[in-house]
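Below is one structure, written out as structure tokens, with a few remarks after it.
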Amino acid sequence: MVDGTYQQACPQPPFLGRQYESRLRSAQSSHAVSTTTRDHNPSCRPGAGLGAMLFKNPGAAMLLLLSVQLVRSVDIPAVTHEFTAYRMQQYNLQQEKHGCRGAIVVAEGQWVDDPGLNRRCVIMKLPDFTMHRYREALRQNAAAVLILLPSNISAVPQDVIQGFMVTEAETLRNQTLIPVYVAPEDEQLLFMYDQLKMAAAAKGLSILVRVFSSMVITSGFQIIVSNNSPIKPVTDTAIVTLEGVLPGKGEDLPTIVITAHYDSFGLAPWLSYGADSNGSGVAILLELIRLFHQLYSDPRSHAPYHLLFSLTGGGKYNFQGTKRWIEENMDHAESSLLHDSVAFVLCLDTLANGDGLFLHVSRPPKPGTPQYAFIKELEQVVSSRFPWVKLGMVHKKINLGESTVAWEHERYGMRRIPGFTLSHLEDPRSEQRGSILDTISQVDIRKLKRNAVIIAEALARFMYNLSDKGSPKELQVFKGQMEIQDSRLSALMSFLSSVPRATQLLDKEPALLLLVNTLEQQLSRYLQQVLRHTFRPDRREPEITFFDQMNQPMMMYRVKPAAFDLFLGGCITAYLGIIYFAVQQFSQLYTKLTKMAMRSKQQ
């Protein structure tokens with residue numbers, strides 16, 4: 001309980017309207033006493049400051065309290081957002097260096113079309129990543145490039161996808177020193193992109209608008225990769241190749257080799273799902289294994305050919321798995337089907353799209369050879385059952401002076417084993433053979449099934465010599481219970497494109513190890529003599545070297561510029577000055593309002 005003297009000297013601020021009116025009248029009636037007390041109480045003198053005014057004018061305290069709450073409610077944007085970013089490929093293929101050599105990022109974010117990119121982290125969306133913009137960022141010595149990848153690739157227009165793939169392929173052919181990252185879009189990253197774009201657009205306006213925009217509307221963003229450890233080479237990457245056999249009926253039989261590489265490639269390894277290239281080739285190979293296993297299970301349909309199936313690793317890196325597997329079979333193994341008569345090697349690569357099929361050969365096959373006979377069967381199947389499909393042959397000689405080969409069959413051609421690659425792509429340097437946008441959404445299951453039917457029927461007609469027994473339209477081998485099923489192909493494609501299959505990740509991550517093990521189990525279910533070959537690079541002179549730090553935790557700090565603090569401080573000072581003036585004049589204002597109210601009542 002507060003004593004009466006202090007109550008008279010400094011009345012407590014009221015909180016209800018009626019109490020305020022009664023206490024105000026009481027304070028006015030004891031004006032002489034309170035004036036004397038204030039003269040002896042320094043805290044209640046007129047010059048004591050804002051605190052004295054609050055006690056002199058209890059209602060003003062209410063006004064100041066509301067103003068303080070309003071100031072406290074001002075939210076200065078300062079958000080920290082952590083996300084995972086995936087670094088661009090970095091590898092050495094023999095003496096050639098590819099990809100980006102940097103990983104550390106500490107820079108301010110900047111929109112891609114902003115003229116000042118020097119020492120900035122350039123933020124791009126998928127349509128922004130063009131060769132012109134990328135080269136401009138390099139020319140201006142940008143600190144880093146961050147590409148925002150949409151979660152729904154199927155909603156992206158095809159022309160945008162095609163343009164991105166072209167830039168992606170061109171970028172990967174060379175090396176760059178600046179870090180290049182890809183991150184899936186989220187709400188915070190899209191907000192950053194919009195803010196940076198707004199700030200860049202404001203630079204074309206008047207100076208006053210630009211200053212106001214930079215201080216009030218737009219935000220600044222700092223992009224940081226906190227990992228400062230140096231990039232290290234990975235020297236123990238294992239490349240796994242799987243093989244299995246369906247033995248033919250008879251002795252001294254020729255062998256047909258059917259192969260496909262299962263790894264993927266793209267701008268960032270952790271985002272390389274390789275649905276068409278080359279999940280489609282693997283899916284068709286697995287379906288051929290199932291179909292011909294059923295034919296070979298019946299003695300009446302056991303063909304006079306050995307079928308050797310192989311799934312090779314390292315295909316995206318100069319077909320290292322194929323090269324080492326051929327060397328092991330030809331140079332080190334005492335007995336191998338590759339030592340015997342090989343009719344031809346059929347390589348399956350990128351077969352889930354397109355309106356055509358192209359046979360890529362190192363030398364045109366001569367009439368009378370098994371390779372020539374199989375191609376004729378392909379032509380008959382296409383012309384009779386799929387006349388709208390364009391079937392062509394692309395001849396490319398093997399250039400031993402080149403450091404890389406274009407197709408897998410060239411590895412066999414160097415050892416004088418006849419073969420060819422079947423693909424819907426005509427150009428071996430097509431950007432569709434290695435892109436992070438090669439996802440399941442880009443696969444056409446109907447075209448994948450069509451190509452599987454063409455290959456299976458042509459292969460069966462060649463092996464069982466069915467040319468003289470009916471046209472491919474009249475005599476179909478794979479129908480009824482042996483028909484190629486859309487649901488099975490869809491399931492295989494979903495399985496293969498569910499995880500990234502980049503070579504440098506396949507022997508490091510448990511989920512990716514499980515994928516290779518599952519492929520081996522699938523071969524063991526239908527084939528005999530299933531073998532697993534694991535190849536590691538020579539540490540002294542490795543043909544291929546990968547590097548670590550392919551995915552990094554990245555931080556985005558959203559802050560207002562320093563000018564915003566000055567602007568906000570000026571606004572708060574002006575606001576408090578107005579409140580202070582209102583508090584000082586509150587008694588006079590209230591007295592005038594009270595007199596006016598009393599006059600209106602008397603009238």
Side-chain angles (χ1 to χ4, degrees), residues 237-248 255-264 272-275 277-298 306-316 320-322 324-325 328-329 333 336-337 346-349 351-352 408 440 443 445 448-449 452 455-456 478 481-482 484-536:
T237 301
I239 296 178
V240 176
T241 293
L242 307 171
E243 68 167 284
V245 180
L246 281 176
T255 301
I256 297 175
V257 181
I258 304 174
T259 181
H261 70 87
Y262 60 83
D263 58 331
S264 60
S272 303
Y273 295 92
S277 179
N278 189 31
S280 61
V282 176
I284 291 180
L285 183 140
L286 294 176
E287 189 67 355
L288 291 176
I289 290 175
R290 182 183 70 86
L291 296 175
F292 281 92
H293 168 77
Q294 296 184 45
L295 289 176
Y296 275 50
S297 298
D298 190 341
H306 297 306
L307 287 179
L308 174 60
F309 295 91
S310 69
L311 289 172
T312 59
K316 297 299 186 180
Q320 289 295 316
T322 305
R324 296 286 297 276
W325 181 71
E328 184 170 292
N329 279 272
S336 170
L337 291 176
L346 173 60
C347 305
L348 307 177
D349 194 331
L351 291 161
E408 188 173 7
I440 189 67
V443 169
I445 295 297
L448 178 66
K449 178 183 177 181
I455 296 169
F478 300 103
Q481 293 183 351
M482 295 186 63
I484 297 176
Q485 302 171 357
D486 294 24
S487 58
R488 178 174 171 79
L489 286 175
S490 298
L492 287 172
M493 289 301 302
S494 298
F495 163 69
L496 292 167
S497 58
S498 61
V499 291
R501 302 191 311 279
T503 303
Q504 58 266 57
L505 305 179
L506 283 172
D507 69 327
K508 299 292 190 298
E509 300 297 321
L512 307 186
L513 287 171
L514 179 61
L515 182 140
V516 178
N517 294 337
T518 304
L519 290 175
E520 184 179 6
Q521 293 174 5
Q522 190 72 8
L523 266 62
S524 301
R525 180 179 178 184
Y526 298 108
L527 303 179
Q528 301 178 23
Q529 304 174 28
V530 175
L531 299 176
R532 180 184 184 128
H533 305 268
T534 302
F535 307 109
R536 297 186 183 276

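Note that the structure is a prediction, hence the values are computed from the model and not measured.
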Review point. Do Ser310 side-chain atoms and Leu242 backbone N/O form a donor-acceptor pair below 3.5 Å?
Key: no

**Study point:** Check against side-chain contact (heavy atoms from CB on, under 4.5 Å), Glu408 and Thr259
**Key:** CA-CA 9 Å; Glu408 188 173 7; Thr259 181; 3.2 Å; yes

Point to revise | Rounded distance [0.5 Å steps], CG in Asp507 versus CG in Leu513 | key: 6.5 Å

Practice item. Compare all side-chain heavy atoms of Tyr526 with those of Phe292 and state whether any distance is below 4.5 angstrom. Key: no

Review point. Between His533 and Glu328, is any side-chain donor less than 3.5 angstrom from a side-chain acceptor?
Key: yes

Exercise for review: With the side chain counted from C-beta on, respond yes when Leu519 and Leu515 share a heavy-atom pair under 4.5 Å apart, and no when they do not.
Suggested key: yes

**Study point:** Residue pair Ile289, Arg525: steps toward the side-chain contact (heavy atoms from CB on, under 4.5 Å) verdict
**Key:** CA-CA 10 Å; Ile289 290 175; Arg525 180 179 178 184; over 6 Å; no

Point to revise | Which atom of Tyr262 lies closest to which atom of Arg501, heavy atoms considered | key: O-NE, 2.6 Å

Review point. Which pair of heavy atoms, one from Gly314 and one from Ile239, lies closest together, and at what distance?
Key: N-CG2, 3.8 Å

Review point. Hey, does Tyr273 have a side-chain heavy atom less than 4.5 Å from the side chain of Ile440?
Key: no

Practice item. Please name the pair of heavy atoms, one in Ala283 and one in Met493, separated by the smallest distance, quoted to 0.1 Å. Key: CB-SD, 3.8 Å

Review point. Hey, what do you get for CG (Leu307) to CD (Gln528), rounding to the nearest 0.5 Å?
Key: 11.5 Å

Check your understanding: Only one of Leu286, Val245, Leu285 forms a side chain to side chain contact (heavy atoms under 4.5 Å, CB included) with Phe309, so which one is it?
Key -> Leu285

Review point. Any donor and acceptor pair, going by atom type alone, linking the side chain of Ser272 with main-chain N or O of Ala502 inside 3.5 Å?
Key: no

Practice item. Mark yes or no for whether His306, through its side chain, and Gly248, through its backbone, hold a donor-acceptor pair below 3.5 Å. Key: yes

**Study point:** Closest contact, heavy atoms only, Ile455 versus Ile284
**Key:** CD1-CG2, 4.3 Å

Practice item. May I ask you to test the Asn329-Glu243 pair for a side-chain heavy-atom distance under 4.5 Å? Key: yes

**Study point:** Shortest non-hydrogen contact from Leu348 toward Leu351
**Key:** CB-CD1, 3.9 Å

Review point. Is Asp263 salt-bridged to Lys316, cutoff N-O under 4.0 Å?
Key: no

Revision key, fill the gap. Output for pair (Leu308 CG, Ile256 CD1), nearest 0.5 Å, gives 11.0 Å

Review point. Hey, what do you get for NZ (Lys508) to OG1 (Thr503), rounding to the nearest 0.5 Å?
Key: 10.5 Å

Exercise for review: Go through the steps to decide whether Asn517 and Arg532 satisfy the test side-chain contact (heavy atoms from CB on, under 4.5 Å), and finish with yes or no.
Suggested key: CA-CA 10 Å; Asn517 294 337; Arg532 180 184 184 128; 2.9 Å; yes

**Study point:** Separation between CG of Leu527 and OH of Tyr296, rounded to the nearest 0.5 Å
**Key:** 11.0 Å

Exercise for review: Please check if the side chain of Arg290 supplies one atom and the backbone of Ile484 the other of a donor-acceptor pair under 3.5 Å.
Suggested key: no

Point to revise | Point-to-point distance, once rounded to the nearest 0.5 Å, from OG1 of Thr322 to NE2 of His261 | key: 8.5 Å

Review point. Which atom names give the shortest non-hydrogen contact between Ala260 and Asn278, and what distance separates them?
Key: CB-ND2, 3.8 Å

Check your understanding: If we only count heavy atoms from C-beta on, is the Phe478 to Leu288 side-chain gap below 4.5 Å?
Key -> no

